[in-house]
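Within every chain, numbering begins at 1; the chains are lettered A, B, ... in the order of the sequence lines, protein sequences first and strands thereafter.
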There are 2 protein chains.
Amino acid sequence: MAKQIPDIVIGRLPVYLRALVQMGQEGRQVTSSQELGERLGISAAQIRKDLSQFGEFGKQGTGYNIEFLSKQLSEILKVNRVWDVAIVGAGDIGRALAGYSGFSERGFRIAMIFDNKPELVGSEAAGFMIKDGRQLRDEIAAAGIKIAMIAVPATQAQDVVNQLVEAGVRAILSYAPVHLSVPAGVRVQNIDPSIHLQRMTYYLE
Amino acid sequence: MAKQIPDIVIGRLPVYLRALVQMGQEGRQVTSSQELGERLGISAAQIRKDLSQFGEFGKQGTGYNIEFLSKQLSEILKVNRVWDVAIVGAGDIGRALAGYSGFSERGFRIAMIFDNKPELVGSEAAGFMIKDGRQLRDEIAAAGIKIAMIAVPATQAQDVVNQLVEAGVRAILSYAPVHLSVPAGVRVQNIDPSIHLQRMTYYLE
DNA sequence: TAGATTGTTAATCGATTAACAATC
DNA sequence: TAGATTGTTAATCGATTAACAATC
């Protein structure tokens with residue numbers, strides 16, 4: 001069995017990757033754990049430790065080749081390929097996600113979008129024809145889609161998640177303001193702006 | 001100086017609060033650390049430990065009164081009041097945030113929205129007149145706004161943040177896919193769907 | 001060679017869990 | 001009273017940091 005990598009380390013890798021890609025776009029060739037750390041507000045030791053879980057990517061005295069390390073991280077995170085993603089919910093958030101251009105260069109492609117409102121089904125959102133939510137399970141299973149983003153009301157979210165899991169989805173990014181239960185082997189990330197804001201108000205006067 | 005509470009504990013309180021409010025809406029009066037923990041996938045011991053940082057809110061043998069604990073948590077998190085929030089960026093995401101109805105019952109009120117595109121300034125988004133981004137600093141300072149959400153391109157985000165900080169903003173929820181630097185005393189939360197997805201692809205086949 | 005920076009070890013620091021007396 | 005559950009302590013577990021030999 002492969003060495004177990006802490007999830008908290010996995011969680012930092014996309015942040016490293018984003019910063020490295022940005023540095024590359026700035027025309028930089030090489031960086032160091034110190035520079036990257038200063039840029040991200042993370043200690044240099046932590047960056048080196050995190051990376052060392054996966055191999056040796058740097059050169060003593062020199063640092064890290066930005067393009068090489070970016071490629072390595074993309075591979076580790078399995079975003080050196082394109083993942084099809086389904087969106088469930090074609091309200092404001094679902095549509096914003098469908099139209100967001102930032103996914104393609106980071107390993108994702110919006111493949112389909114669902115809603116269960118009859119007046120929305122068949123209409124268009126960001127160039128996609130909105131599909132009937134009742135077909136969700138069959139369509140996603142048939143397409144072999146493993147990743148979904150859901151932007152449905154809190155009351156419907158758990159039901160949608162259950163269907164997604166049945167359809168074979170294994171990674172869910174939820175914008176619904178509710179805790180979701182999933183079986184082992186399925187991962188959920190939650191985005192709830194109110195929660196994020198409430199994490200900060202504690203520190204305000 | 002008051003006892004220092006770990007930020008990771010603060011981060012869980014909004015999740016507890018959200019679940020408690022939901023339980024209350026389901027007509028429940030009382031819960032226990034065990035029940036809440038099962039619902040959220042958190043250990044009962046951790047919930048008790050977290051709450052004990054702030055006081056004694058439960059009754060042995062009985063558990064926690066849901067309404068009472070909700071009120072206490074709202075107070076701790078300072079969301080037993082209404083915070084004015086400014087939105088910067090009136091693209092799809094900014095508009096979705098402006099129109100989101102979920103803020104009001106959780107302590108927030110959208111007060112104004114800015115964009116720097118001349119063709120957007122003066123037009124309407126979710127009932128708000130879009131203000132000129134050049135007025136951002138003065139308007140936010142004049143209104144005494146402490147919280148902002150930004151949904152601008154990555155290239156502009158740091159500049160916007162600098163202006164917000166100058167204007168007196170102390171909590172920023174950013175949807176821009178870039179790391180932001182802020183002085184001590186200012187808090188930032190980041191939402192980047194690609195980052196969230198990339199945290200999960202590692203675990204996919 | 002001299003200077004810089006990695007990868008790794010050991011030490012420190014912090015968070016989580018288990019267990020239980022107190023008590024409703 | 002008997003059963004349940006809290007708040008808290010101590011033990012365990014895990015993550016971060018400091019330090020440095022190796023080496024480019």
Whole-Å distance separating the CZ atom of A:Phe57 from the C1' atom of C:dT8: 15 Å
Among D:dA18, C:dT6, C:dG7, the nucleotide that comes nearest once only the side chain of A:Ser32 is considered: C:dT6
Length of the line joining B:Gln4:CD and C:dC13:P, which is rounded to integer Å: 16 Å
salt_bridge(B:Glu56, B:Arg48) N-O dist < 4.0 Å: no
Distance test, side-chain N/O of B:Tyr64 to OP1/OP2 of D:dG7, below 4.0 Å: yes
Among D:dG7, D:dT17, C:dG7, the nucleotide that comes nearest once only the side chain of A:Glu56 is considered: C:dG7
Under-4.0 Å side-chain N/O to phosphate OP1/OP2 contact, A:Ser33 with C:dT6: yes
Under-4.0 Å salt bridge between B:Arg187 and B:Asp7: yes
NZ/NE/NH1/NH2 to OD/OE distance under 4.0 Å, B:Arg18 and A:Asp192: yes
Nucleotide C:dT5, atom P - distance to CG of A:Leu51 in whole Å: 16 Å
Whole angstrom value for the distance that separates P of D:dA4 from CG of B:Leu36: 20 Å
Between C:dT6 (P) and A:Gln72 (CD): distance, integer Å: 16 Å
Spacing of A:Gln46 atom CD relative to D:dG14 atom C1', expressed in whole Å: 13 Å
Pairing of A:Arg81 and A:Glu75 as salt bridge, 4.0 angstrom limit: no
Distance in angstrom units between B:Ile66 CD1 and D:dT5 P, rounded: 13 Å
Watson-Crick or G-U counterpart of D:dG14, or none if no pair lies under 3.5 Å: C:dC13
A:Ile47 CD1 to C:dT8 P, straight-line distance once rounded to whole Å: 16 Å
Identified pairing partner of D:dC20, criterion: Watson-Crick or G-U wobble below 3.5 Å: C:dG7
Under-4.0 Å side-chain N/O to phosphate OP1/OP2 contact, B:Arg12 with C:dT16: yes
Phosphate contact (C:dT6 OP1 or OP2) by A:Arg48 side-chain N/O below 4.0 Å: yes
Point-to-point distance, once rounded to the nearest 0.5 Å, from CG of B:Leu164 to CD1 of B:Ile140: 5.0 Å
Whichever of A:Asp50 and B:Gly63 has its nearest DNA chain D nucleotide further upstream toward 5': B:Gly63
Distance below 4.0 Å between A:Thr62 side-chain N/O and D:dC24 OP1 or OP2: no
Pairwise 5' ranking along DNA chain C for A:Lys49 and A:Lys59, keeping only the more 5' one: A:Lys59
A:Gln60 vs C:dA4: side-chain N/O to OP1/OP2 distance below 4.0 Å: no
